[in-house]
Amino acid sequence: SLGERFMFKYAPNKGELASRDVVSRAEWTEILEGRGVDGCVLLDMRHLGREKILERLPQIRELALDATGKDAIDEPIPILPGAHYTMGGIEADLNGATRIPGVYAAGECACISVHGANRLGGNSLLDTIVFGARSAAHAVEYIKTVGEVKPSERTLQHERDRVADLLSRTGGTRAPKIRQKMNETMSANTFIFRNEAQLETAVKDLVAIRNEFDQGVYVMDKSKTFNTDLVSAFETDFLIDVSLALATGALHRKESRGAQARTDFPDRDDENWMVHTLAFRQDGAAPKLDYSRKAKITKWQPEVRSY
Amino acid sequence: MSTTLLPEERPLDAHARTRSSQTKRYGFFPGCVAKESCKELFNSTMLLADKLGIELIELTAASCCGASVVNDVNRDVARVLNARTYAQAEALGLDDVITICSTCTGHMRAANKELLESEEHMAQANSILGKFGAKYEGHIVVRHLLWLLIDDIGLDKLKSMVVRPLNGLKVAPFYGCHIIRPEAVNGWESARNPHSLEDVIEAIGGEAIDYAGKTRCCGFHIQLEKDNVAADMVGQNMRMAQDHGAEAVLTPCPLCHLALDGYQQDAAARWGRTDLPTFHLPQLVAFALGVPAETLGLNKHLIDPRKVLVDRDLIA
Amino acid sequence: MAARGKVVLMAKITLDIFRFDEAVDTVPHRDKVVVDIPETTTVLDALEYAKAEVDGSISFRRSCRSAICGSCSMNVNGVTGLACKTPCNTVMDDTGTVKIDPMPNFQPMKDMVVHMDPFWDKYTRLKPYLQPKDADSSHATERRVSPDDMHKLVAVANCIMCATCYALCPVVSVDPAFAGPAAIAYAYRFIEDVRDGERKERIAQISEDYLWLCAHCYACSYCPKHVDPNDRIIDVKRAAISERVMMNERGPRHALTVVKTIKQTGMLAETELIQGTVGKFNIIGLLKVAPLGLRMASKGKLPPIFMKPIPKVDEVRTIIDSLEVPVA
């Protein structure tokens, strides 16, 4: 609101080109400290000029125009930090293989991990293209070694029964409502800045949400045709698991690193925390955490991050 | 979602008024069909102009620009042919080129836009026009007579001039693609829900029929391309028009007129009989303004429009 | 989402929704759901709200909600486009009603979810992937393309395959064999890619999928990503003529005959046009158009085969010759 190019306060050298987590924290700090405009900060592209914007950034310009009514060529655009990428994911090795034989993961859903607690610009291409190709190649070789695999009829029937049970319920809480509760606690307690109390609340809330889902989620659409209500319930189910892993891991990680910024542990603790958090699902409770996988440091040594 | 146009995708101003609103002298390009297969369109236009007290000065040396089909062969020739037409209009001291064909309107406006928005295009055109001593200075406004009626004459004035109101004749407008799309070229009104024809129909005492087919394509450019396509393109729209109660159709495009007038018979097999007579815009307006019916070439249509006029006590 | 600190106009909006489940229904019905939301809410968000709060069985495709995935094309108050790009207050009628239907030209499956296979089939037939002129192994580095060469492909590459153009196409509605705007525009993307080695084959494939059935009506100009498929279709037609693909078919014959009559007379000569398009010696073809031709002739609608040229027609010829335009 002061018309200030605030990024240079936080990143004297790089300014707006600093790492994403630095920029998010800067934006949010400005807003929290009352220097926002209508609760946002302003993204100003006018200096690039009409031609360059139309040539290089037409889709962003149109998106902003549709969402805010403002033309980035003429006016600054109000923006807020938003969730862009999920760091962490399904544990996989350099071939995309998980600890379940025959199950591969690559891309954003996987954690190999190529970028730790912060996904820098361009790295998701690495995640997808390189590891997508590697895991596909490895999967092909794996298939050759195992030949035909028949899924367990018992497992299939279990899933059929589970879905049938879900669809047979005549009442309960709709998945969107449960998801909204999850959104609210995650937004309030695991956002850009976190502390112990917030993270404890998040874990507690999420365990309750987990139980509410398992016992009482209600799918209204009973159709067998393109049932998006059912799919939405599945998605919510998995989101709860991911949220629980995230919040529990964050609570126990008593340091700040990458995108995790704890106000109660503001510094990085390389001595104790150069480890990956492995989270194992537990019914009706927070996941069990395992720290057996240390971060592998090879060529690049950890340094102080300064922009 | 009324339009997906970005701020920079603006057409040339279709509502632009020039000196002609004072002088009442307008350049006029009748197009090919009005002089050949639909002569009644040309004749009724001249009779209407007379009634309205405007002078339409025919650009007799102007050529067809290829009705979009020529773009399939070469991307520049339509633009330069039109530049020649505009140069002729300028040489006669005129500011407008008025059209009576949707197809002419869309393509001439597109050419004018390309010439006026690109120095390269204008230079290319003028370098060729220079070979026979012509030059386009860029001052021409291309408008359809429909727009002239509403912008220059005005619906109220038009209504006051009506001596033979249509007695509630149910008329379905059929715009013709090229007078409304693309919006970045035409832009006189919304292409998704235009109402200029409806306004004119109501002003002359008719009842305008609303139906989805009013902005759809008549299929003229692909008529000979494949068996049945011509009949289907016409049938799908005329079926809708009739289902919504239409007794007749009004179109500002003679190519659409040829399609609608000619192919309903073939369309009957798959779409049911429709037999909707189609009026040309100047023809029906001239009629309402009291121009003698026998001078309007109503007997030139393949589907005789005189019957519906008789049914509404408009002619004997 | 309401912008913080700003006054937001709430409205009671009625969503008038098409309901159909192909597994159980023979005819569709409509449901009206009233939602109390900011009037600038997009149609997509309004549907999500209705689905979450009122009726979980309302079904529609969606993903990104920011006009990049192409999932949410539907017909809103008679107009097809992306629901995520359509604020309710730009489409609702005087009674505050937003009518929602699946997009046309597709068979409905469940509410606004339609069977997309015919659309995808047209794509698959294009072989929509680079078929390079030479083997990867013959390149030491990646294949380099200049910005100028890439420039004309940029707009088409923005296609998100939302099928809005296909839904709006009046030719597709009467002839589902027509490739449709999206496929032809995407064919352009490879036909004009300097790295591709199958230019002529691609032009032949798309010509066989009825490239020339495009009526130039610009219904597809409502592409939400500004691909302008109709202009690309015309570009492909030009490429077809310049590569002399299927020159004896109606489309090329028609276009070249038009140029011919303009060069000869300065105008379209309808009689010559019919003959030139169908073919002078195509007896069967001519017989098919004869009935209409005779009806037209009886009303004096067929000009003589030899038409008088316009004044100064040599200027027209100068233009056509200067631009080296091929003539029939």
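Each chain gets a letter, A, B and so on, in the order the sequences are listed, and its residues count up from 1.
- Using a 4.5 Å cut-off between heavy atoms, B:C65 contacts chain C through its backbone alone, with no side-chain atom that close.
- Listed by sequence position, the residues of residues 242-249 of chain C in contact with chain B number zero, using a 4.5 angstrom heavy-atom cutoff.
- For C:R65, the CZ atom counts as loosely surrounded, since its 6.0 Å shell holds 12 or fewer non-hydrogen atoms of other residues, nucleotides or ligands.
- Side-chain atoms of B:Q283 and B:H257 include no donor-acceptor pair closer than 3.5 Å.
- Your options are C:R250, C:H254, C:K312, and the one with the most heavy-atom pairs under 4.5 Å with chain B is C:R250.
- For chain B, the nearby part of C:A269 is the backbone; its heavy atoms alone come within less than 4.5 Å.
- Of residues 293-301 of chain C, those residues with a non-hydrogen atom less than 4.5 Å from any non-hydrogen atom of chain B are, in numerical order, C:R295, C:M296, C:K299, C:G300, C:K301.
- A side-chain donor-acceptor contact under 3.5 Å links C:N230 to the backbone of C:Y218.
- Open room surrounds CZ on C:F306; 12 or fewer heavy atoms of other groups in view lie less than 6.0 Å from it.
- Contacts of C:L292 with chain B are made by side-chain atoms alone, with heavy-atom separations under 4.5 Å and no backbone atom involved.
- For B:V33, the parts lying near chain C are the backbone and the side chain together; criterion is any non-hydrogen pair under 4.5 Å.
- Side-chain contact between B:D72 and C:V258: absent, with no pair of heavy atoms (C-beta onward) separated by less than 4.5 Å.
- Contacts between C:I262 and chain B at a heavy-atom distance below 4.5 Å involve the side chain alone, from C-beta outward.
- Comparing B:K300, B:R270, B:H301 by heavy-atom pairs within less than 4.5 Å of chain C, the highest count is held by B:K300.
- The ring-ring contact (aromatic ring centres under 6.0 Å, His included) search around B:Y136 returns B:Y86, not counting sequence neighbours.
- For B:I180, no part lies near chain C; criterion is any non-hydrogen pair under 4.5 Å.
- Within the 4.5 angstrom heavy-atom criterion, no atom of B:F220 approaches chain C.
- One finds the CD1 atom of B:I100 at 9.5 Å from the CZ atom of B:F29 (value rounded to the nearest 0.5 Å).
- Not one N or O on the side chain of C:N75 forms a donor-acceptor pair closer than 3.5 Å with the backbone of C:T80.
- Only the side chain of C:K288 comes within less than 4.5 Å of a heavy atom in chain B; its backbone stays farther off.
- Of the listed residues (C:K237, C:M267, C:E315, C:E324), the one with the most heavy-atom contacts under 4.5 Å to chain B is C:E315.
- Formation of a donor-acceptor pair under 3.5 Å by the B:N186 side chain with backbone atoms of B:W188 is not found in this model.
- In this structure, CG in B:N82 is found 10.5 Å from CD in B:Q88, a value given to the nearest 0.5 Å.
- With respect to chain B, the highest number of heavy-atom pairs below 4.5 Å among C:V313, C:L213, C:L302, C:I233 belongs to C:L213.
- Residues C:T42 and C:L82 are not in side-chain contact: their nearest non-hydrogen atoms beyond the backbone lie 4.5 Å or more apart.
- A donor-acceptor pair under 3.5 Å links the side-chain atoms of C:N282 to the main chain of C:V278, judged by distance alone.
- Between B:H221 and B:H178, the ring planes lie tilted relative to each other; the angle falls in the 30° to 60° range.
- The number of heavy-atom neighbours closer than 6.0 Å to CD of B:Q265, taken from other residues, nucleotides and ligands shown, is 12 or below.
- For the options B:N237, B:T215, B:L81, heavy-atom pairs under 4.5 Å to chain C are most numerous at B:L81.
- The choice from B:Q236, B:E40, B:R181 that makes the most heavy-atom pairs within less than 4.5 Å of chain C is B:R181.
- Residues C:H216 and B:H107 are not in side-chain contact: their nearest non-hydrogen atoms beyond the backbone lie 4.5 Å or more apart.
- For C:Y210, the part sitting under 4.5 Å from any heavy atom of chain B is the side chain, from C-beta outward, and nothing else.
- Side-chain atoms of B:E189 never come within 3.5 Å of backbone atoms of B:P194 as a donor-acceptor pair (strictly under, hydrogens ignored).
- Comparing C:V43, C:L268, C:I241 by heavy-atom pairs within less than 4.5 Å of chain B, the highest count is held by C:L268.
- A distance-only check finds a donor-acceptor pair linking the side chain of C:N105 to the backbone of C:C169 [under 3.5 Å].
- For B:E225, the parts lying under 4.5 angstrom from a heavy atom of chain C are both the backbone and the side chain.
- Here C:T86 contributes atom OG1 and C:M92 contributes atom CE; the two are 13.5 Å apart, rounded to the nearest 0.5 Å.
- Judged purely by atom type and a 3.5 angstrom limit, C:R238 uses its side chain to pair as donor or acceptor with the backbone of B:N71.
- Counting heavy atoms from C-beta outward, B:Y263 and B:M238 have side chains that stay 4.5 Å or more apart.
- Neither the backbone nor the side chain of B:Q223 comes within contact range of chain C; no heavy atoms are under 4.5 Å apart.
- Of the atoms belonging to C:V171, heavy atoms from both backbone and side chain fall under 4.5 Å from chain B.
- Remark: the backbone N or O of B:R239 is not paired with any side-chain donor or acceptor of B:T274 at under 3.5 angstrom.
- Across C:I320, C:T318, C:L168, C:N77, the residue that shares the most heavy-atom pairs under 4.5 angstrom with chain B is C:T318.
- Using a 4.5 Å cut-off between heavy atoms, B:K131 contacts chain C through its side chain alone, with no backbone atom that close.
- The greatest number of non-hydrogen atom pairs below 4.5 Å with chain B, out of C:G251, C:G266, C:P252, C:C220, is found for C:G266.
- For chain C, the nearby part of B:A62 is the backbone; its heavy atoms alone come within less than 4.5 Å.
- Looking at B:D227, only its side chain comes within 4.5 Å of chain C, counting heavy atoms on both sides.
- Proximity to chain C (any heavy atom under 4.5 Å) is shown, for B:R75, by both the backbone and the side chain.
- Heavy-atom pairs under 4.5 Å with chain C were tallied for B:G176, B:C32, B:A125, B:G31; the largest tally goes to B:C32.
- Annotation: side chain to side chain contact (heavy atoms under 4.5 Å, CB included) contacts of B:H121 (sequence neighbours excluded): B:R79, B:E114, B:S118.
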